[in-house]
Student: 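Below: one structure in structure tokens.
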Number of protein chains: 2
Amino acid sequence: MRRLVKRPTMKDVARAAGVSPMTVSRAVSGEPGVSPDTAARVEQAIRQLGYQRNDNARNLRQKNLRTSTIGLVVDDLANPFYALMARSVEDEAHRRGFLVLVGSTNDEPRREREVIAAFTARQVDGLILVPTNGGHGFLKQPMEGGTCVVCVDRPAKGLAVDTVTVDNRAGAERAVSHLLGHGHTRIAYLGDRFDIWTQRERHAGYLDALASHGIAEDPALVRHGLRSQSDAAAALAELRALPGPPTALFTTNDLISIGVMDGLGRPDPVALVGFDDFPLADRLSPPLSVVSQDPVALGATAANLLFSRIDGDLSAPRSVVLLTRLIVRGSGSVGGVRG
Amino acid sequence: MRRLVKRPTMKDVARAAGVSPMTVSRAVSGEPGVSPDTAARVEQAIRQLGYQRNDNARNLRQKNLRTSTIGLVVDDLANPFYALMARSVEDEAHRRGFLVLVGSTNDEPRREREVIAAFTARQVDGLILVPTNGGHGFLKQPMEGGTCVVCVDRPAKGLAVDTVTVDNRAGAERAVSHLLGHGHTRIAYLGDRFDIWTQRERHAGYLDALASHGIAEDPALVRHGLRSQSDAAAALAELRALPGPPTALFTTNDLISIGVMDGLGRPDPVALVGFDDFPLADRLSPPLSVVSQDPVALGATAANLLFSRIDGDLSAPRSVVLLTRLIVRGSGSVGGVRG
DNA sequence: CCCCCGTATGGGAACGTTAACAAGCCGCAA
DNA sequence: TTGCGGCTTGTTAACGTTCCCATACGGGGG
């Protein structure tokens, strides 16, 4: 049976080195005012005892209250899009000596609230947040207490903080215009839950494109609330069964694009452009044209904003919009152009 | 310009409610021995001040030293495999009221060491670790101090801790046997760095299969150290240029499989089985047969082991091996069988 | 001889919380 | 009346660290 040895403290190191705890503190933190041979004795005692400083106690006492920890709250960490973002945030944090706590919300306001409360109770210095559709009033107190907040991927309603998004609306507009430019007029919209901000934006872009060609929205061709591949596949089947079926499809995320692919022939006369690039999209038959966004840039931008806030930037909240890119691969393509 | 308000403490709440800090502590922690109307007054003061308990201070003082935080250290959080694992670990932690610190090692022992040191300095209760190939002696002291450790995906050399892996060797053996069963005898091996444990295991399984059919390893057909899609594509080109080119390929991870696909025709006489399933593998041409492992199960199993250790299980270290599944999709397939 | 200054070190208090114990109050039985 | 047990509440000290100030030493200038 394993025996638990009490972790050594500065007091133990001090005793072993024949100095005071204060001197150990100075030596460990690399502060000046410790003579070389004292430092060496302390160093020796530290190695002998296997001492490691307790950073929680340190953070508690320090004047300049910093835990060097940030929280990252995303919709779903298993989603490759957020995984890339998380990795990017982690790299920025690592560069600055910060740690990252992660939490997934599943897009449930209640879980978001729980996760954030647990983070602020640990005195995180900042939060990078993919907000749910719920209210965020509970952030007011922590923010007054000095916790910085940056939203990413979507804005939080009624929360005046730095926000990093992509030009969802313009990207969608470009995608649908591409289809219109190839002569399509009956273009179906297959989207996720309409209460998600990005989905509303993409739908607006879809309407923009139709309007600029003088086409009115046909409600029969618009499907919201598709949560899975099978939802998407079912929606496609319905659309194809219509008296006037669509000749082209606009899908608003990778999951829906993939679900729809399963209902298409190889090749298929129906054209398709989807939001979100993903690996192998260029190897599918037919190859998939996409509106591509860059999760790594999203994460890095959000992290940089957050750290400048943590470093004391008190200017007005900023809103950064990153650009999407239309990658044409399907029929009418000028060749696969991937980064 | 924003003004920072000092966070209220229990003392402030106590003053506002006209009680002692100890009573506030009891009320906040839901301990018994607080009369209902006192509790109500405290509750009222808490809401009025926007008070939130400082869990770091709490953890420092508490006898039963628990930070309710674990660390997850993976190779690369952006890799979908580890992202799924991370999400699974996070869910288990969330169920138990624990938080998760994450860190990526990039498979660099130095970064692994840094990340783990930062985690243990924050007094995490446990670590779930995808170990690099480096030594792990630095874990001895924290473990004696009570930090529990579980390895996942790979074992750590010389570290006696719970370990969760999959049957890499048997899975590889089955994959290569499948190719042998279809009459192939010149089967190439395309693998990642040989200093990664899983790669050595999969190579051993490759040899097992060959040996059971009385075939000797042909060094010309074996490529190690492929780190990217382009490495894999280049290796394939070389192999095809050989005087006696392979008629089948065994690729040891998803990246290599995808890289190799780019060098194959549609269809192609060369058969292919790869390790790791991934989305759309069934939509490729030719469809890809794979050895599939379950990252969600890996993460959940590791988390459950870790939490039982944290709860005081002192029995001998366990080694859990999860099973892989051969999913046949290519030529000779009996149909796409996906979960 | 004294004074002053710079460098190295230590002592006491404090960060925000809780463990351990003590004290006050009530009612009830002896 | 006393004594006792249960309930609520408060007091003191401590967790491991660092801030603030005090002290000791040594040397140079008067």
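A, B, ... follow the sequence lines: proteins, then strands. Residue 1 opens every chain. Just so we're clear, the structure is a prediction, and the values are computed from it rather than from any experiment.
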Student: On the nucleotide D:dA14, are OP1 or OP2 found under 4.0 Å from the side-chain N or O atoms that B:R61 carries?
Tutor: no
Student: Go nucleotide by nucleotide along DNA chain D from the 5' end; which of B:V19 and A:S29 gets its closest nucleotide reached first?
Tutor: B:V19
Student: If you take all heavy atoms of B:E92 and B:A303, which pair is closest and at what distance?
Tutor: CB-CB, 3.7 Å
Student: Within this structure, what is the CZ-to-C1' distance between B:R122 and D:dG16, rounded to whole angstrom?
Tutor: 15 Å
Student: Taking for each residue the nucleotide of DNA chain D with the nearest heavy atom, is it B:S35 or B:L60 whose nucleotide lies nearer the 5' end?
Tutor: B:S35
Student: I need the minimum non-hydrogen distance between A:V89 and A:G299, along with the two atoms involved.
Tutor: CG2-O, 3.7 Å
Student: Pick the closest DNA chain C nucleotide for B:P21 and for B:K11 by heavy atoms, then say which residue is nearer the 5' end.
Tutor: B:K11
Student: Taking A:D91 first and then A:R95, would you say they form a salt bridge - that is, a charged N and a carboxylate O separated by under 4.0 Å?
Tutor: no
Student: For nucleotides 21-27 of chain D, give me one character per nucleotide, 5' to 3': B if any protein heavy atom sits under 4.0 Å from the base, S if the only such contacts are to the sugar-phosphate, - if neither.
Tutor: -------
Student: Taking 4.0 angstrom as the limit, do B:R309 and B:D125 come out as a salt bridge?
Tutor: no
Student: Do B:Q141 and A:L49 touch side chain to side chain, with heavy atoms closer than 4.5 Å?
Tutor: no
Student: At what distance, to the nearest 0.5 angstrom, does CG of A:D294 lie from CE of A:M85?
Tutor: 11.5 Å
Student: When you check the gap from the basic side-chain N to the acidic O, do A:E90 and B:R111 get nearer than 4.0 Å?
Tutor: yes
Student: Identify the two heavy atoms, one from A:D107 and one from A:R154, that lie closest to each other, and give their separation to 0.1 Å.
Tutor: OD1-NH1, 3.5 Å
Student: What are the 5'-most and 3'-most nucleotides of DNA chain C lying under 4.0 Å from any heavy atom of chain A?
Tutor: C:dA8 to C:dG16
Student: Mind checking the CG-OH spacing from A:L298 to A:Y82? Nearest 0.5 Å is all I need.
Tutor: 9.5 Å
Student: Would you kindly give the CZ-to-P distance between A:R53 and D:dT17, to the nearest whole Å?
Tutor: 9 Å
Student: A:M22 has a side chain; which of D:dG16, D:dC20, D:dC15 sits nearest to it?
Tutor: D:dC20
Student: If only atom types and distance count, is the side chain of A:N56 paired as donor or acceptor with the main-chain N or O of B:R122 below 3.5 Å?
Tutor: yes
Student: Is any NZ, NE, NH1 or NH2 atom of the basic residue among B:D55 and B:R58 found under 4.0 Å from an Asp or Glu carboxylate oxygen of the other?
Tutor: no
Student: Whole angstrom is fine here: how far is it from CG in A:L49 over to P in D:dG16?
Tutor: 14 Å
Student: List every contact pair, protein side and nucleotides 5-7 of chain D side both N or O, where the distance is under 3.5 Å.
Tutor:
none

Student: Output the rounded distance in Å from CG (A:N54) to C1' (D:dT18).
Tutor: 13 Å
Student: Rounding to a whole Å, what distance do you find between B:M10:CE and D:dC15:P?
Tutor: 19 Å
Student: In this structure, how many angstroms lie between the P atom of D:dT8 and the CG atom of B:D37, rounded?
Tutor: 10 Å
Student: Would you indicate, yes or no, if D:dT17 has its OP1 or OP2 atom less than 4.0 angstrom from a side-chain nitrogen or oxygen of A:S25?
Tutor: no
Student: Give me the atom names and distance for the closest heavy-atom approach of B:D75 to B:S104.
Tutor: O-CB, 3.7 Å
Student: Looking at D:dG10, I'd like to know if its phosphate oxygens (OP1 or OP2) sit under 4.0 Å from a side-chain N or O belonging to B:T23.
Tutor: yes
